[in-house]
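Computed from a predicted structure; not experimentally measured.
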Amino acid sequence: MAQIEVVTYLPAKVGVCRVCDLADAFRIQLREEAWDVDLSALMQALEEVDALVRFTSPFSLRGLYLMIRHGTGRLPLVIVRGRLVHAGPVGEPKELAKKIREALSDTGG
């Protein structure tokens, strides 16, 4: 089971129909970027931590549940062992990594 769960938009390309699949065969790009999200700071923070990470879409039932449970819609949400560690854009990756490490080492007692 993942100790860290991140609720965020993941970069994805979407197409309207099967024509996009055919166009891909001819290297014609018809798909559009679904979101313009910069995940570089988040990914840099997660690389500094040695733990399993589960990514959850905010549009899934679980993602909606987690946003309601933690009372925020600011993304990304970084949840460690069921506790909200960070919500909103990541400013400094090293600070987020430090918060995650502290939450992972916290025994809860």
Side-chain angles (χ1 to χ4, degrees):
M1 184 170 151
Q3 293 183 11
I4 302 170
E5 186 162 9
V6 177
V7 180
T8 190
Y9 301 109
L10 293 177
K13 291 196 175 193
V14 293
V16 190
C17 60
R18 293 192 180 266
V19 172
C20 294
D21 295 333
L22 179 61
D24 281 348
F26 294 100
R27 294 197 169 112
I28 300 170
Q29 188 57 257
L30 295 179
R31 289 182 170 87
E32 296 286 332
E33 288 287 337
W35 344 102
D36 185 22
V37 179
D38 182 17
L39 295 176
S40 59
L42 173 65
M43 296 308 287
Q44 187 177 352
L46 293 174
E47 285 176 4
E48 294 184 27
V49 180
D50 185 29
L52 295 174
V53 179
R54 173 184 179 173
F55 286 94
T56 302
S57 168
F59 296 119
S60 68
L61 288 177
R62 179 161 180 80
L64 292 172
Y65 163 75
L66 289 170
M67 288 189 293
I68 292 168
R69 178 178 174 212
H70 294 289
T72 183
R74 296 185 66 208
L75 298 176
L77 297 181
V78 179
I79 301 163
V80 178
R81 294 185 177 164
R83 193 178 99 215
L84 181 66
V85 173
H86 178 82
V90 177
E92 183 58 45
K94 294 212 181 281
E95 287 298 316
L96 177 57
K98 180 180 174 186
K99 287 182 190 178
I100 293 171
R101 278 193 295 272
E102 287 172 358
L104 286 170
S105 66
D106 186 18
T107 59

Can you measure from [atom1] ([X]) to [atom2] ([Y]) and round to the nearest 0.5 angstrom?
{"X": "Lys94", "Y": "Arg101", "atom1": "NZ", "atom2": "CZ", "result": "8.0 Å"}
{"X": "Gln44", "Y": "Leu39", "atom1": "CD", "atom2": "CG", "result": "12.5 Å"}
{"X": "Glu102", "Y": "Lys98", "atom1": "CD", "atom2": "NZ", "result": "5.5 Å"}
{"X": "Thr56", "Y": "Leu64", "atom1": "OG1", "atom2": "CG", "result": "11.0 Å"}
{"X": "Glu47", "Y": "Leu42", "atom1": "CD", "atom2": "CG", "result": "10.0 Å"}
{"X": "Arg81", "Y": "Ile4", "atom1": "CZ", "atom2": "CD1", "result": "9.5 Å"}

How close do [X] and [Y] get, counting heavy atoms only, and between which atoms?
{"X": "Pro76", "Y": "Val90", "result": "CG-CG2, 4.3 Å"}
{"X": "Pro93", "Y": "Ala45", "result": "O-CB, 3.4 Å"}
{"X": "Leu46", "Y": "Phe55", "result": "CD1-CZ, 3.8 Å"}
{"X": "Gly82", "Y": "Arg69", "result": "O-NH2, 3.5 Å"}
{"X": "Ala51", "Y": "Leu104", "result": "CB-CD1, 3.9 Å"}
{"X": "Ile100", "Y": "Val85", "result": "N-CG1, 4.2 Å"}

Query raised in the report: Are Arg83 and Asp106 ion-paired here, with the side-chain N under 4.0 Å from a carboxylate O?
Result: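 Yes, charged N to carboxylate O under 4.0 Å.
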
Report task. Find out whether Arg74 and Pro89 are in side-chain contact, i.e. whether some heavy atom of one side chain is under 4.5 Å from a heavy atom of the other. Result ->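 Yes. Closest side-chain heavy atoms under 4.5 Å.
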
Requested in this report: Using the rule that two of Ile, Leu, Val, Met, Phe, Trp, Tyr join whenever any of their side-chain heavy atoms come within less than 4.5 Å, decide whether Leu66 and Phe59 are in one cluster.
Outcome: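 Yes.
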
